[in-house]
Amino acid sequence: MKKQMVPVLAVLVLIFIILVGIIAGRKIKQLLPSTQEQDLETYFGVASEDEAAIELNHNIIEEKALLVDSEVYLDFDFVHDQLNDRFYWDANENVLLYTTSSNVIKASADSSKYYIGRKKDNKPYKIVLINKDQTYIALNFVSEYTNLNYEYYNEPNRVLLKTQWGTVKNAAVKRKTQIRVEDSVKSNILREVEKGETLEKLEVLDEWTKVATKDGLIGYIQSKRLGAETEETESSDFTEDTFTHQIRDYEINMAWHQVTVPDANNSIANVIQNTKGLNVISPTWFYLNDNDGNIANLASTDYVNYCHSQGVEVWGLVSNLENSEVSTTEVLTHTSKRENLENQIIAAAIQYDLDGINVDFEALESAVGESFIQFIRELSLKCDGNGIVLSVDNYVSSEYTKFYDRQEQAVFADYVIVMAYDEHYAGSKESGSVASIGFVTKGADDILAEGVPAEQVILGMPFFTRVWSETPKDSSGDDVESASEDYVPYELSSEAVGMQSAQRLMEVNGAEKTWLEDMGQYYTEYENGGVTYKIWFEDIKSIEEKLKVMDSHGFAGASFWKLGLEDSAVWNTIIKYIN
């Protein structure tokens with residue numbers, strides 16, 4: 001019996017030894033570093049010979065560059081969004097534009113020819129390509145106008161872009177080792193590195209350090225394999241474009257003069273006579289009149305001459321609101337039409353000896369924002385070349401008006417005007433102030449936060465107020481409607497009136513006004529014929545509160561909408577703050 005058990009035990013022992021060996025082998029294998037090399041085409045995501053990976057500031061991005069005739073081309077959206085948003089692409093006319101402080105550079109698709117202003121030049125490569133409905137720009141061309149450095153490598157194809165500068169941390173490899181894809185010895189090997197090779201340290205972990213090689217490999221190396229850390233300051237030899245502005249050496253005391261018919265120009269003497277300290281007047285003379293960029297013109301040489309004789313500059317206003325048949329988007333998004341508009345504005349400014357142009361383009365769609373900014377860029381160069389001041393009217397800052405890009409406006413335009421009114425307007429769903437002091441102060445704070453220099457900001461203030469009417473709804477109305485939580489039991493409407501008209505309405509109806517400290521305004525409320533009327537007054541005291549905001553923020557001055565609606569005594573207060 002015992003003899004029979006011996007072979008069985010031997011087999012069991014052998015099986016046990018084999019199992020232990022297998023388990024031990026697996027454990028040993030788990031502990032041994034991987035020798036698998038990473039496929040670099042997969043690592044960089046390069047799928048074909050005519051594309052190259054893009055590594056931006058040590059980050060491999062999803063977009064790919066295009067390789068054509070040994071030139072590297074970058075997708076326009078990538079260039080605009082990540083490298084230089086001053087590049088502008090007109091998809092309607094297939095034209096690339098770039099605006100410097102002195103010229104507009106223009107290049108057509110699939111051409112090596114381009115223009116610097118009116119001067120024609122040529123590149124040894126096509127500047128812009130359209131490939132599969134995507135627009136690409138030659139990297140060499142982009143680099144001429146952008147603060148970046150780049151290096152190109154092949155096997156696989158990749159371009160390393162750098163746009164950030166400063167102190168970098170380096171370390172030399174102490175002995176031959178590997179850089180791996182992840183921070184683990186089981187991760188694939190990106191590359192063997194030799195003793196003495198210098199790597200840039202990107203992030204230090206517990207036992208591993210994320211590093212970058214000179215040729216764009218980003219991976220992990222065991223921290224113990226790195227020598228002492230050194231620091232290096234990287235900088236760019238790119239020369240940034242410099243912009244100058246036609247800033248007056250005095251504070252701007254400006255007002256808009258609404259002119260809707262030529263005969264209104266004849267009243268200019270009376271209009272100015274009622275002011276004090278006024279040094280800029282902006283008559284509403286020009287407006288976009290068709291989809292080809294032509295303008296309507298109500299200007300008057302006699303008007304300008306009279307203003308100049310009184311020491312008042314004339315900044316003609318150009319609007320986009322008067323002709324409802326015109327598509328502002330159509331004009332601004334077509335380079336030829338936009339240029340026609342600019343040329344007509346400049347021609348009128350020269351013809352009438354205007355000192356400035358005031359652009360008042362409102363109610364734009366966000367999709368036209370880039371084209372509007374390009375319009376301001378181009379117009380500013382034409383204005384500057386003719387000694388004409390350019391100012392741009394703006395809503396107060398908000399999430400839905402970001403596309404007006406007030407910071408970029410300020411780079412090119414001389415003055416950025418903040419229309420700090422219409423807090424509540426004709427279409428508002430509730431009654432309220434046209435320009436409470438909190439609204440004005442926030443508008444002033446926000447324009448500075450957007451990056452507009454205080455010396456370029458003109459604070460727009462209202463000479464008008466709104467009389468709000470709350471007319472009770474018919475009691476026989478829909479019961480279902482009246483049961484709704486957001487049901488309003490009256491019809492709301494309003495009328496814009498001048499300072500003195502609002503005061504008279506209060507007096508005629510036997511009402512009294514109360515100063516609201518938090519609003520920086522007087523308020524009154526009264527009933528007449530069953531209708532409730534509410535007024536947040538704009539008057540001398542409320543204007544003074546707004547002038548204090550202008551003064552405390554160090555702004556260039558103020559502008560008022562509109563002449564003729566003010567109490568003439570308000571000018572005595574204005575000149576206390578604007579000399």
When rounded to the nearest 0.5 Å, the distance separating OG of S371 from CG of L332 is 6.5 Å
Calculate, to the nearest 0.5 Å, the distance between atoms CG and OG belonging to N358 and S559 respectively.
-> 7.0 Å
Report yes or no: do E517 and W515 form a side-chain donor-acceptor pair below 3.5 Å?
-> yes
Shortest non-hydrogen contact from S319 toward L321 = OG-N, 3.1 Å
Between W571 and F463, ring centroids under 6.0 Å | yes
Assess whether side chain to side chain contact (heavy atoms under 4.5 Å, CB included) is satisfied between V396 and T401, documenting all intermediate values.
-> CA-CA 8 Å; V396 294; T401 63; over 6 Å; no
Is the closest side-chain donor-acceptor distance between N340 and N294 under 3.5 Å?
-> yes
Check the side chains of N291 and S327 for a donor-acceptor pair under 3.5 angstrom, ignoring hydrogens and angles.
-> no
Between OH of Y533 and CG of N528, what distance do you get to the nearest 0.5 Å?
-> 5.5 Å
Between atom CG of L459 and atom CG of L547, what is the distance when rounded to the nearest 0.5 Å?
-> 8.5 Å
In terms of side-chain heavy atoms, does D446 have a donor or acceptor partner in S397 at a distance below 3.5 Å?
-> no
Which distance, rounded to the nearest 0.5 Å, do you find between the CG of N274 and the CD1 of I272?
-> 10.5 Å
Establish, yes or no, whether a centroid distance under 6.0 Å links the rings of F361 and F375.
-> yes
Report yes or no: do H308 and E313 form a side-chain donor-acceptor pair below 3.5 Å?
-> no
Distance only, no hydrogens: is a donor on one side chain within 3.5 Å (strictly under) of an acceptor on the other, for E370 and Q374?
-> no
Can we call the ring centroids of Y98 and W89 under 6.0 Å apart?
-> no
Cation-pi geometry met for K106 and Y115 (6.0 Å, 45°) | no
Interatomic spacing from OG in S433 to CH2 in W536 - rounded to 0.5 Å | 8.0 Å
Considering non-hydrogen atoms only, spot the tightest contact between L278 and N253 and give its length.
-> CD1-O, 3.4 Å
Using only heavy-atom distances, determine whether the side chains of T328 and N320 contain a donor-acceptor pair under 3.5 Å.
-> yes
Report yes or no: is the cationic atom of K534 (NZ for Lys, CZ for Arg) under 6.0 Å from the centre of the six-membered ring of Y523, at an angle within 45° of the ring normal?
-> no
